[in-house]
Amino acid sequence: MPAFSTLSIDLCPGNERVARLLLNRPERFNAINDDTPREIRAAVEWAENNRDVHVIIVEGAGKGFCGGYDLTHYAENDADHPCQQESDPWDPMVDYAVMKRNTEDFMSLWRSRKPTISKVHGAAVAGGSDIALCCDLLVMAEDARIGYMPTRVWGCPTTAMWTYRLGPARAKQLMFTGDLITGTTAAEWGLANISCPAGELDEKTNALAARIAGVPSGHLAMHKMVVNQIMLTMGLEQAQMSATIFDGITRHNPEGLWFRRYAQTEGFKAAIDWRDSGRPIPEGDEARTLIREMDEKQQAR
């Protein structure tokens, strides 16, 4: 099996038609770093090239599926990054190139001719929800949570999958609020295919995968291609282009820079506590004033 630093992939014991892609940074809640998107694509390519594999299950090690991008690195860290440029004027096309590549890597789960199932326990949030929703099917524990909290500040879901999976009204509700929903609600809304007690998650997911794995791989590829083509005709690629550009803007406008500076000065936990609390996010001139004050405080230290 291929060796990776952020995940693993192998064949499921007892059913070699099913591959298991395990996000494997449990000490960081499987947070996404610079290697994760590339390794997801490489793992999918490995499964694509294995003629025995008919379906891929994607899951997370430890307490949950994936907590999103590693914001202690991207937000709290003082260093510049292609997607967080402050020492020089922001170059939106550099930002777009990096984030679009990440989106395309996540979308390898969607493009794969082999069906993909995300198995979610704990939480699939922020960028972790992008990974989960790029899979064809979603199975969640009833008490698991999914959502994109950074829509409140410092983020836009680059895969733009919420509308295609939920419809415009539900997607707007989650994007406007940054709220999370449980596996139970996700199933009621039609986002999750199956919701079950956490103790039954393995059984339910494996049964679904085994049922799919009995279908000839060519048939699966054709059926998936038909549905994906409809989504493409509806404008998925164009939506992802806009979402990826907007994601960069949210990280470099006054509100986004305030959030990063607050994380740098007060810590990551304090920043997300403010973001998720419902407190108004500082905007415009207020945000610029607070940024200057925090910069002065940092320089005084």
Side-chain angles (χ1 to χ4, degrees), residues 4-8 20-40 43 57-77 81 83-84 98-99 102-103 105-106 109 116-135 138-159 161-162 165 174-175 177-183 185-186 191-192 198 201 243 247 250-251 256 259-260 262-264 266-277:
F4 300 112
S5 64
T6 69
L7 55 85
S8 64
R20 177 177 182 252
L21 193 164
L22 179 70
L23 304 174
N24 198 21
R25 297 182 70 214
E27 73 287 355
R28 297 292 308 141
F29 196 31
N30 302 318
I32 300 162
N33 64 17
D34 291 340
D35 296 327
T36 307
R38 268 24 109 220
E39 293 189 351
I40 288 175
I57 296 173
V58 183
E59 58 185 293
K63 295 181 179 180
F65 183 82
C66 178
Y69 280 89
D70 194 342
L71 295 191
T72 56
H73 172 67
Y74 294 108
E76 191 174 16
N77 197 304
H81 184 272
C83 291
Q84 194 64 50
V98 172
M99 292 306 296
N102 286 359
T103 300
D105 289 342
F106 297 153
L109 294 160
T116 53
I117 304 171
S118 54
K119 181 175 83 172
V120 175
H121 73 294
V125 294
S129 68
D130 279 326
I131 296 172
L133 296 184
C134 283
C135 293
L138 175 61
V139 181
M140 294 183 67
E142 291 173 344
D143 61 353
R145 293 158 294 140
I146 191 168
Y148 206 100
M149 308 89 71
T151 57
R152 297 188 64 83
V153 68
W154 219 68
C156 178
T158 62
T159 62
M161 279 292 186
W162 289 98
R165 301 291 294 265
L174 293 184
M175 295 302 95
T177 63
D179 287 345
L180 305 179
I181 58 174
T182 65
T185 301
L191 181 67
L201 187 61
D247 182 63
T250 68
R251 286 181 275 104
F259 177 80
R260 189 183 192 218
Y262 192 80
Q264 290 168 341
E266 304 298 329
F268 167 67
K269 185 177 185 303
I272 60 170
D273 283 348
W274 185 320
R275 180 196 68 189
D276 297 346
S277 68

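Atom set for the values below is all heavy atoms of this structure, side chains included, hydrogens, waters and symmetry mates excluded.
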>> For Ser118 and Leu138: C-alpha separation, side-chain torsions, deciding distance, then whether side chain to side chain contact (heavy atoms under 4.5 Å, CB included) applies.
In response: CA-CA 5 Å; Ser118 54; Leu138 175 61; 3.1 Å; yes
Any donor-acceptor N/O pair, [X] side chain to [Y] backbone, under 3.5 Å:
{"X": "Glu39", "Y": "Thr6", "answer": "yes"}
{"X": "His121", "Y": "Gly62", "answer": "yes"}
{"X": "Arg28", "Y": "Asp70", "answer": "no"}
{"X": "Thr116", "Y": "Leu109", "answer": "yes"}

Using side-chain heavy atoms (C-beta onward) and a distance below 4.5 Å, is [X] in contact with [Y]?
{"X": "Asn30", "Y": "Thr36", "value": "no"}
{"X": "Ile146", "Y": "Ile181", "value": "yes"}
{"X": "Met175", "Y": "Pro157", "value": "yes"}
{"X": "Leu23", "Y": "Phe65", "value": "yes"}

> Under the side chain to side chain contact (heavy atoms under 4.5 Å, CB included) criterion, do Leu191 and Trp162 qualify, and how do the steps go?
Replying inline: CA-CA 9 Å; Leu191 181 67; Trp162 289 98; 3.8 Å; yes
> Can you list the steps and then say if Asn33 with Arg25 is a side chain to side chain contact (heavy atoms under 4.5 Å, CB included)?
Replying inline: CA-CA 10 Å; Asn33 64 17; Arg25 297 182 70 214; 3.7 Å; yes
> Do the side-chain N and O atoms of Asp130 and Thr159 include a donor-acceptor pair separated by under 3.5 angstrom?
Replying inline: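 Per modelled atom types, Asp130 and Thr159 side chains form a pair under 3.5 Å.
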Between [atom1] of [X] and [atom2] of [Y], what distance do you get to the nearest 0.5 Å?
{"X": "Asp179", "Y": "Arg152", "atom1": "CG", "atom2": "CZ", "answer": "7.5 Å"}
{"X": "Leu174", "Y": "Met149", "atom1": "CG", "atom2": "CE", "answer": "12.0 Å"}
{"X": "Leu7", "Y": "Arg38", "atom1": "CG", "atom2": "CZ", "answer": "12.0 Å"}
{"X": "Thr151", "Y": "Asp247", "atom1": "OG1", "atom2": "CG", "answer": "11.5 Å"}
{"X": "Phe259", "Y": "Arg275", "atom1": "CZ", "atom2": "CZ", "answer": "5.0 Å"}
{"X": "Ile40", "Y": "Ile32", "atom1": "CD1", "atom2": "CD1", "answer": "6.5 Å"}

>> I'd like to know whether Glu59 forms a side chain to side chain contact (heavy atoms under 4.5 Å, CB included) with Leu201, so could you lay out the CA-CA distance, the side-chain angles of the two residues, the decisive distance to 0.1 Å, and finally the verdict.
In response: CA-CA 11 Å; Glu59 58 185 293; Leu201 187 61; over 6 Å; no
> What residues, two or more places apart in sequence or in another chain, satisfy ring pair (Phe, Tyr, Trp, His ring centres under 6.0 Å) together with Tyr262?
Replying inline: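 Tyr262 satisfies ring pair (Phe, Tyr, Trp, His ring centres under 6.0 Å) with Trp258, Trp274 only.
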